[in-house]
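Lettering of chains follows the sequences in order, A, B, ..., and the numbering in each one begins at 1. Every heavy atom of this structure was used, including side-chain atoms; hydrogens, water molecules and symmetry mates were not.
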There are 2 protein chains.
Amino acid sequence: MSNERKQQIIKAANQSFATFGYKATTMDHVAKAANVGKGTIYNFFKNKEQLFQEIISNLLLEMKTQAESVIDDQKPLKENVHLALYELLQYRRSHQLTIQMVQEAKEMGTAAVQEALANVEGLITAYLREKIEQAIERGDIRPCHPEMTAFMMFKLYTAFIIDWEERHQPLEKEEIMHLFDEYVFKGLSPS
Amino acid sequence: MSNERKQQIIKAANQSFATFGYKATTMDHVAKAANVGKGTIYNFFKNKEQLFQEIISNLLLEMKTQAESVIDDQKPLKENVHLALYELLQYRRSHQLTIQMVQEAKEMGTAAVQEALANVEGLITAYLREKIEQAIERGDIRPCHPEMTAFMMFKLYTAFIIDWEERHQPLEKEEIMHLFDEYVFKGLSPS
DNA sequence: AAGATGACCAAATGAACGATTTAGTCATTT
DNA sequence: AAATGACTAAATCGTTCATTTGGTCATCTT
């Protein structure tokens, strides 16, 4: 069983999912694009959904790596939170696969895709929770419920970036940072 | 043109929309339930959508009245915000028409219904914006962007009430109030 | 013997078509 | 003048059959 062949399948599927979406991607097409027999795919993956899930796992790993690349644990939490959220949400908005997923979930409600998006959201909030916990240990912020705070940060950030923009002029990075300063980090400052 | 007849139509339609949703409600059915000929409906309303919009207008009025009934302008903003948001979102969750609308928008994406829900959201944030503006004038809170602050309050509140609940134990009223105190009102306190 | 292939097939999906329903109109009735 | 419900173009729905799809496995290849 060749690892090279497996990677060819993953690459072909990734491209197909990104171009056509999950639902409209056929295993026949993936096989042809990967230059393998269709049955070969099932040597490596149980089914279509598992193939997709492996690709999403890789995506999550990549996103996490990307976030880590802009984060500096020597910097204050507020700055890192903003950098991470900005980076992760920009990633989501600029990669064809995630763009397709958001659209497909909205227009077709494909279950596998909705689950994948939930995993993306889960990664982001888990990442934030981790940074919040570190900041609590260092005494940089007051003790709080890390998971709730991470959840809240994520929801607020996406509300600013996506929902606000539906009806208003888009907010600048600095404006969002300022709002986070005033409301979130002021509320988190040690007493 | 009898006003009584108009009210009968509105009442029948209200019940039908609440029971069957917008899309599955037929004008024939509304006419029969209202004891009028189908053509009579069009004496009062241009079309099905306008009938629906009038019903939504009434709903918005009722929601606003409901909010006013629990608000006391002598109380501090933080308390009134919580009372209003709680009341309005509970209203939404406990009235069959709004329950149907939320479901239909989600499952079918009916345009008229999605617009109506956007109007409900608009009412809530406009209401909050008004209270925030009053509080600024009174010097109870620091000057801020009222519309943005109202938007943020609404998004946060729904995130706590709806999104958090998808994966966690529901939050108690007091917990939400406490979170609002720390993250919203602390940031709004006059310097 | 191990790995790869693609023909095969049950199930799912999509296209076509005709039956039925629906929103809106308006000639007729009250 | 107001109300009615038959009418109709358009939309929707149900049925049927053709086509496609995901997964399987007998066969082929190495």
Side-chain angles (χ1 to χ4, degrees), chain A residues 1-56 100 103-105 107-116, chain B residues 1-56 100 103-105 107-116:
Chain A
M1 290 237 245
S2 166
N3 192 58
E4 184 182 326
R5 206 166 284 257
K6 185 181 179 181
Q7 293 309 315
Q8 277 172 335
I9 293 167
I10 288 174
K11 185 183 177 199
N14 203 333
Q15 282 176 348
S16 188
F17 289 137
T19 306
F20 305 109
Y22 177 80
K23 197 173 170 68
T25 287
T26 68
M27 297 306 261
D28 215 34
H29 178 259
V30 172
K32 287 186 172 70
N35 286 305
V36 299
K38 198 170 70 160
T40 306
I41 301 181
Y42 297 90
N43 288 341
F44 300 103
F45 308 98
K46 182 161 181 273
N47 50 37
K48 185 180 180 181
E49 192 165 335
Q50 260 207 350
L51 172 57
F52 184 61
Q53 282 167 355
E54 175 138 353
I55 285 167
I56 296 301
Q100 267 286 2
Q103 190 166 352
E104 184 168 339
E107 289 174 7
M108 297 183 212
T110 317
V113 176
Q114 288 183 327
E115 188 182 332
Chain B
M1 288 240 242
S2 163
N3 192 58
E4 184 183 323
R5 206 165 283 256
K6 184 179 180 182
Q7 292 310 315
Q8 277 172 335
I9 292 167
I10 287 174
K11 187 184 173 195
N14 203 333
Q15 281 176 348
S16 189
F17 289 138
T19 306
F20 305 109
Y22 177 80
K23 195 175 170 72
T25 287
T26 67
M27 298 305 262
D28 215 35
H29 178 259
V30 171
K32 288 188 171 73
N35 284 306
V36 299
K38 196 170 71 161
T40 306
I41 300 181
Y42 297 89
N43 290 341
F44 301 103
F45 308 99
K46 182 160 179 274
N47 50 39
K48 184 181 180 181
E49 190 165 334
Q50 259 206 349
L51 170 59
F52 185 61
Q53 281 167 354
E54 175 138 353
I55 285 167
I56 296 301
Q100 266 287 0
Q103 190 166 353
E104 183 168 340
E107 289 174 8
M108 297 185 212
T110 317
V113 175
Q114 287 181 328
E115 189 183 332

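By the side-chain contact (heavy atoms from CB on, under 4.5 Å) test, A/Q50 is found to be paired with A/K46, A/N47, A/Q53, residues two or more places apart in sequence or in another chain being considered. A/Y42 is linked by a ring-ring contact (aromatic ring centres under 6.0 Å, His included) to nothing, counting only residues two or more places apart in sequence or in another chain. Residues forming a salt bridge (Lys or Arg N to Asp or Glu O under 4.0 Å) with B/K6 (at least two apart in sequence, or on another chain): B/E54.
Rounding to the nearest 0.5 Å gives a distance of 12.5 Å between CD of A/Q15 and CD1 of A/I10.
Between B/N35 atom CG and D/dG5 atom P the separation is 11 Å, expressed in whole Å. Counting to the nearest Å, the C1' atom of D/dA2 and the CZ atom of B/F44 are 9 Å from each other. Between the NE2 atom of A/H29 and the P atom of D/dT21 there is a distance of 11 Å, rounded to whole Å. The CD atom of B/E4 sits 11 Å away from the P atom of D/dA3 (whole-angstrom rounding). For A/M108 and C/dT13, the CE to C1' distance is 13 Å, given to the nearest whole Å.
Between C/dA4 and A/R5, a contact under 4.0 Å exists linking OP1 or OP2 to a side-chain N or O.
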ask   = Reading nucleotides 21-30 of chain C from the 5' end, what letters show protein touch, with B for base, S for backbone sugar-phosphate only, - for no heavy atom under 4.0 Å?
value = -SBBB-----
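In this structure, B/E104 contributes its side chain and B/V113 its backbone to no donor-acceptor pair below 3.5 Å.
Contacts of residues 7-21 of chain A with DNA chain C (heavy atom under 4.0 Å): none.
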Can I get a per-line list of side-chain donor-acceptor pairs under 3.5 Å for residues 23-34 of chain A, giving both atom names and the distance, sequence neighbours left out?
{"residue": "A/T25", "atom": "OG1", "partner": "A/S16", "partner atom": "O", "Å": "3.2"}
{"residue": "A/T25", "atom": "OG1", "partner": "A/S16", "partner atom": "OG", "Å": "3.1"}
{"residue": "A/T25", "atom": "OG1", "partner": "A/G21", "partner atom": "O", "Å": "2.7"}
{"residue": "A/T26", "atom": "OG1", "partner": "A/H29", "partner atom": "N", "Å": "3.0"}
{"residue": "A/D28", "atom": "OD2", "partner": "A/K32", "partner atom": "NZ", "Å": "3.0"}
{"residue": "A/H29", "atom": "ND1", "partner": "A/S16", "partner atom": "OG", "Å": "3.2"}

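Note: A/F17 and A/F52 have perpendicular aromatic rings, judged against thresholds of 30 and 60 degrees for the angle between ring planes.
In summary, the side chains of B/E107 and B/Q103 do present a donor paired with an acceptor at a separation below 3.5 Å, with no hydrogens or angles considered.
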